[in-house]
Amino acid sequence: MHVCRLVVLSLIVVCMPIAIHALGRSAGQAAQAFPGYRFQRGGWTYVHLEGTPAQIGYQHGRLLSVEILDMVGVIKLESEHGTKRNWDFYREAARKELWPHIDAEYQQELEGIAKGVQSAGVKLDVWDIVALNGGIELPEYYVPWLNKKQHAASTPQIQPKGRCSAFIATGSYTKGGKIVIAHNNWSTYAEGARWTVIFDIHPVRGHRILMDGLPGVITSQDDFGVNDAGLMITETTITQFEGWDPDGKPEFVRSRKAMQYAGSIDEYVSIIKDGNNGGYANDWLIGDRKTGEIAYLELGLKNTPLWRTRDGYFISSNFARDPELIKTETPKFDPNDLSRSENARRVTWEKKIAATKGRIDVELAEQFLADHDDSYTEGVNAASRSLCGHIDKDPKGVPEWDDGPFYPDGAVTGKVTDSDLAANVALIAHAGHPCGEDFLATPFLAAHPEYSYLRPILKDMPSGPWMKFSAGEKK
């Protein structure tokens, strides 16, 4: 039976690069035309999706059915271990807490994903898919709020993880004055080894999108992307943020909608703030190649300050910037402790930008993302304080993120684009540590048996080359 199952899965994966027509009547209109396709390059899976929301969802689910089932397993294990809430809890939260606040367009897309995976023989339903999309905001934002509301006893301390290092620059700071934007995704290595999809989404309404992402998730989730209106977007998480509005709209919906429908910085800010639920609170870096303007939106729940410029830069590495937000929404965050990961990386970013003013381009951005400088010790150390993070090498871990010593977490991908690339809806991406170092699961688990519970989901994370991707590419 196991052999037969492997053969079936192999046939699914082999056939996926081919555009398939009329895959079956069970998915209705979504299955009548199938312009979606996929191919592999440089450690990434490029996935092209187009059509109505239902069609985009069905193509997504069908093309990535095996990977989506695998991804649900990752989020299930991590969420259950970290919050002591089982997967049925998350499915129910997806149905009751998230679904009523999701726009009809994205409900149709999520339903389409479920139908797509089911058409490939994968036994997941729409609540699994919605819980997967809420895989950050439910366990890290909703559950702490719920525990507090219920005065739950013996619940684990849950603090949102710091995710990512990023910058955006324009004007006199960059070569030729064009916008340059770059981002390292920091996540668990179990997630990061799978956070290697390039989505080219061509919807019937809104702008075409090119973004990185996770199987089964409708937004980038680490939020690096460009659209055909010339917007360039990324973000990093606000460390130790506290807040949740049960009547708000999920972040994965707001971020996807903003990428799809915004044609200016003002439009992006308006859409991402509309219905803000406080989930997955981020500092957003936004650039508009049409004007050369860049912006920094600190999107808390109570505080949402916006900075913008046409000659300057913004850096981000999980630190809160606004004094009022720090006081009221990140009360445990200490911006003056330079030994902390987020603050040490902030100092490194400032030094890098100042030292290269007027010369910043895509190539320099790639070098920044691979950097191992430790501003606190003034040495070179690949650990929690380097832009290319390696928490698996840090004997202290990152306590403010609940990452224990040597926890397998850190920089898992890098992405860069500039005004010229964005004009062609293009970006450059690197799978794995941007420094070029591979992560190998077997020797890590042998050295750190305390993380043996991760064995079912932790796998090798090879470091690939920098690769250029554009909208509409074929293999």
Does any part of the side chain of Tyr46, heavy atoms only, come nearer than 4.5 Å to the side chain of Tyr37, both counted from C-beta? yes

Can the ring centres of Trp244 and Tyr142 be said to be less than 6.0 Å apart? yes

Counting heavy atoms not belonging to Lys459, are there more than 12 under 6.0 Å from its NZ? yes

Heavy atoms of Ala193 and Asp460 approach each other most closely as CB-O, 3.9 Å

Out of curiosity, Tyr141 OH to Gln159 CD, how far, rounded to the nearest 0.5 Å? 11.0 Å

Scan for salt bridge (charged side-chain N to carboxylate O under 4.0 Å, His left out) pairs involving residues 411-426, sequence neighbours excluded, and state none if there are none. Lys178-Asp418, Lys178-Asp420, Asp212-Lys415, Asp222-Lys415

Side chain to side chain, Leu64 and Met71, heavy atoms closer than 4.5 Å: no

For Glu350 and Tyr313: C-alpha separation, side-chain torsions, deciding distance, then whether side-chain hydrogen bond (donor to acceptor under 3.5 Å, both in side chains) applies. CA-CA 10 Å; Glu350 293 286 5; Tyr313 67 93; 2.5 Å; yes

Euclidean distance, Ile113 CD1 relative to Asn133 CG, rounded to 0.5 Å: 6.0 Å

How many angstroms lie between atom CG of Asp223 and atom CH2 of Trp284, to the nearest 0.5 angstrom? 3.5 Å

Is it the case that the side chains of Thr236 and Ser316 hold a donor-acceptor pair, with the cut-off being a distance below 3.5 Å and no angle test? yes

Which label fits Phe167 and Trp349: parallel for a plane angle under 30°, tilted from 30 to 60°, or perpendicular past 60°? tilted

Strictly under 6.0 Å, is that where the ring centroids of His433 and Tyr189 end up? yes

Looking at CG of Asp228 and CG of Asn424, how far apart are the two atoms once the value is rounded to the nearest 0.5 Å? 11.5 Å

